[in-house]
Novice: 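I am attaching a structure below and will ask some questions about it afterwards.
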Amino acid sequence: MVTAGKLCGMRIHLSVVGAISFTLAWPIISVLGAEKPPLYLDTNQPVEARVADLLPRLTLGEKISLIHADSKFTTAAIPRLGIPRRWLDDGPNGVREDIGPDTWAPAGHTDDFSTAMPVGICLAATWDPALAYREGEAIGQEARARGKDIMLGPGVNILRTPLCGRNFEYLGEDPFLTSQMCVGYIRGEQSQDVSSCVKHFALNNQEFDRMNINVEASERVLREIYLPAFKAAVQQGGVWCVMGAYNQFRGQHCCENDYLLNKILKGEWGFKGVVMSDWAGAHDTRECALNGLDLEMGTDKKYDDFHLAQPYLTLLKSGELPMAGLDDKVRRNLRVMLATHVLDPGRKTGSLNTHAHQAVARQVAEEGVVLLKNENHILPLDASKIKTIAVIGENAIRLQAHGGDSSGIKAFYEITPLQGLVNRVGTNVNLVFSEGYRKDGGPELAKRAVAAAKTADVVIYVGGLNHDKGFDCEGADRKDMKLPYGQDELIQKIVAANPRTVVVLEGTMVEMDAWLDQVPALVEAWYPGMEGGNALARVLFGDVNPSGKLPATFPKKLSDTPAATLGAYAYPGTNGTVTYAEGLLVGYRWYDTKHIAPQFPFGFGLSYTTFQYSHLKLIPDAGTNHIVTAQFEIENTGKRAGAEVAQLYVHEDHPRLMRPEKALKGFKRIFLQPGEKQTVSIPLNQAAFAYYDDGKKSWVAQNDRFEILIGSSSRDIRLRDDFNLAEK
Ligand code: BGC
């Protein structure tokens, strides 16, 4: 029997191997008239029946082999039962390059490229769950084409402090937006016979001391801010795998945290899939065995010495730990395999780097780029009226897709911002590139950039952060929120030399007060993936009307942020513990409630057209699950077609427990031609009004007056109305 994998340089896709084990091995026996194929191979049977049939066929050793790794990203095959080796891979933005079996070094394959999607925070900025579905679907197809079974994403940890090194990978600061986006992504990905693995469960909101930091947060904060996306992933997305976080919660590591895994995830939410450890996130055999871990990955030991390998086997054999616990873990692993058709002949085989995938990558970038400032309509640029553009800044030529660590992608190609501009303007406009700054400094670069700016009609400055460790990268947090490499001074000099300067920033939020007043236009491009340069150029020249909205507040300065204001115990922690002292006041909940003006608010993003909101009606919904539907009209009152993301926030008038000033509970992205008007309906159910009552240990929507706020951002509320909610 051929086993799946990459043995002796030979790559065999698992779907093919699965099919071989069924179509070759089984018919030989049937021809001899021995017996019918076993029930677990019968695709007409329900998954649970197949699991029940397969489980007792496994020996103790085989069971153990299914619950821990046998290389960095695989678990062992069981050839006699046709179970192939399972392949896991990062991550949220595409299918990561193959890693050597026993090290973190790349395997050196030549066929492990993939489509590099924009990063998670860019996807979130689209506010388009249907597009998230298409991204998930495309990544799922590429995963299958690369022979992967479980994809380690999406990452849904809430942006608590701008300093967290992995904010770029996640979906922003709001539990509702994060939930909607991850559900779309997961459904799309899992439609391709691949399991998603939502991560990192839970409260993994900083990279500083990430393997050990202990998080203390109140029950209410846990439920209202940090768990909703995971709950939605499980209950609405149907996610098959959950990755435990590295950090501790209330003194116990999250990968072996009884409360998070057994009580909440599996008990309350009814999760039937696999909990896997983050790589080296498992610490203790008994705790792993008893507290809900089903698959141990990445431990820094020989595979047989993993906690859920020999050490667990020893405790099982001596009777110190129950066999039922092992069976539960194995059952979950088999369930995920069978649900994703790992053993089935007709399993989807996927496709790689198709035009359709490239189109999704570009669309996510186009919808995710956020126009933050546009004075005197300097944008969009009109190529017919420009002779020379100075493109300045190292990020204009920097390849970003491979960076950030585990979420990096070996892209098939990557269109940088400069290349995108070249593609867009061709030979009609003279493009002059000047690097401007470099990691190791150089006033000469700045001088040359200023000279280039002086002679150009327009400057497009492309700077910001990058994926170097200490910026937007796994494993460390940022030290501050400043632009690196002297960019603050450089931008000031450039804009003094040429006031027609458009600033494009890549990366997550930075302080901008040194130059923001002086520049007429500002664009946030995040890390827009391998089609990013094309997308950016199309936005700058108006082929695409920008519609992205910030999925996280851009504060004016670090000292405005809760984690910085409250002291070291609130971030990055003291004596190994970080206390979430701001409680519910994360992101805009903090700035709104504390009346602190942000640089750019949550939900903000400009367009080249204008939208008018009108005629809000709150329609009580009798006889449905909904309590009320907010109905209103939006009209495109400008001259260009474009999309608007209408946002619905709820404010409670007299809450019994403190509540943030307002919270996002609905949104709708609509595309309108100039002059077109559409009616938008956003239904709200009880959850939109409920808070978590620690005392009652349940969600409560109390009898009170609620305001429904409809806006173009969290600080640009265009319509409001209120109604009384009867006690539920
Ligand atoms: C990261 C995970 C990732 C895993 C495997 C860990 O260090 O925290 O997000 O999936 O490595 O690469």
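Any value given below was found using the heavy atoms of this structure, including those in side chains, with hydrogens, waters and symmetry copies removed. In this chain, residues are counted from 1 in sequence order. Every number for a ligand or one of its atoms is a count from 1 in the order of the listing.
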Novice: Which atoms of ligand 1 are found less than 4.0 Å from any heavy atom of E474?
Specialist: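 That gives atoms 1 (C), 6 (C), 7 (O), 8 (O) of ligand 1.
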
Novice: Could you tell me which atoms of ligand 1, counted from 1 in the order shown, lie closer than 4.0 angstrom to a heavy atom of K199?
Specialist: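 Those of ligand 1 that fall under 4.0 Å from K199 are 2 (C), 3 (C), 9 (O), 10 (O).
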
Novice: Tell me which protein heavy atom sits closest to atom 6 (C) of ligand 1, plus the residue, atom name and distance to 0.1 Å.
Specialist: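 The answer is D278 OD1, 2.9 Å.
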
Novice: How many angstroms lie between atom CD of E97 and atom NE2 of H109, to the nearest 0.5 angstrom?
Specialist: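 It comes to 10.5 Å.
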
Novice: Check ligand 1 against R96 and write out every atom of the ligand that is under 4.0 Å from a heavy-atom position of the residue.
Specialist: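 It comes down to these atoms of ligand 1: 12 (O).
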
Novice: I want to know if ligand 1 touches W279 in the polar sense, i.e. an N/O pair below 3.5 angstrom.
Specialist: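 Checking ligand 1 against W279, no N or O pair falls under 3.5 Å apart.
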
Novice: For N247 and Q206, does a side-chain donor sit closer than 3.5 Å to a side-chain acceptor?
Specialist: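 Looking only at side-chain atoms, Q206 and N247 do not form any donor-acceptor pair under 3.5 Å.
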
Novice: Counting each atom of ligand 1 from 1 as listed, which ones have a heavy atom of R210 under 4.0 Å away?
Specialist: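 Result: 7 (O), 8 (O).
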
Novice: Starting at CD1 of I121, measure out to CG of L550 and round the result to the nearest 0.5 Å.
Specialist: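 If we round to the nearest 0.5 Å, I121:CD1 and L550:CG are 8.5 Å apart.
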
Novice: At less than 4.0 angstrom from any non-hydrogen atom of M243, what atoms of ligand 1 do you find?
Specialist: 10 (O)

Novice: Enumerate the atoms of ligand 1 whose separation from the nearest heavy atom of L152 is less than 4.0 angstrom.
Specialist: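 Atoms satisfying the 4.0 Å criterion: 10 (O).
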
Novice: Could you tell me whether some N/O pair between W104 and ligand 1 is separated by less than 3.5 angstrom?
Specialist: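 No.
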
Novice: To which protein heavy atom is atom 10 (O) of ligand 1 closest, and what is the distance rounded to 0.1 Å?
Specialist: D90 OD1, 2.6 Å

Novice: Will you find, in the side chains of N333 and R86, an N or O donor that is under 3.5 Å from an N or O acceptor?
Specialist: yes

Novice: Is it true that D305 and Q310 share a donor-acceptor pair across their side chains at a distance under 3.5 Å?
Specialist: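 Distance-only check fails for Q310 and D305.
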
Novice: Please determine, by modelled atom types, if N205 and Y226 share a side-chain donor-acceptor pair under 3.5 angstrom.
Specialist: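 No.
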
Novice: Considering heavy atoms of the protein only, find what lies nearest to atom 7 (O) of ligand 1 and give residue, atom and distance to 0.1 Å.
Specialist: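 Here the nearest protein heavy atom works out to Y246 OH, 2.7 Å.
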
Novice: Where on R166 is there a heavy atom closer than 4.0 Å to ligand 1, on the side chain, on the backbone, on both, or on neither?
Specialist: side chain

Novice: I need the contact type for M297 against ligand 1. Using non-hydrogen atoms and a strict under-4.0 Å cut-off, is it side chain, backbone, both or neither?
Specialist: neither

Novice: Centres of the W127 and F176 rings: under 6.0 Å?
Specialist: no

Novice: Any side-chain donor-acceptor pair under 3.5 Å between E367 and Q363?
Specialist: yes

Novice: Looking at ligand 1, would E169 count as a contact under a 4.0 Å heavy-atom criterion?
Specialist: no

Novice: As an exercise, identify every atom of ligand 1 less than 4.0 angstrom from a heavy atom of F73.
Specialist: 5 (C), 12 (O)

Novice: Are R250 and D258 within salt-bridge range, i.e. N to O under 4.0 Å?
Specialist: no

Novice: Between R134 and E137 (salt bridge meaning N to carboxylate O under 4.0 Å), is one present in this structure?
Specialist: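 Between E137 and R134 there is no salt bridge, as every charged N stays at least 4.0 Å from the carboxylate O atoms.
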
Novice: Does at least one non-hydrogen atom of H200 fall below 4.0 angstrom from an atom of ligand 1?
Specialist: yes

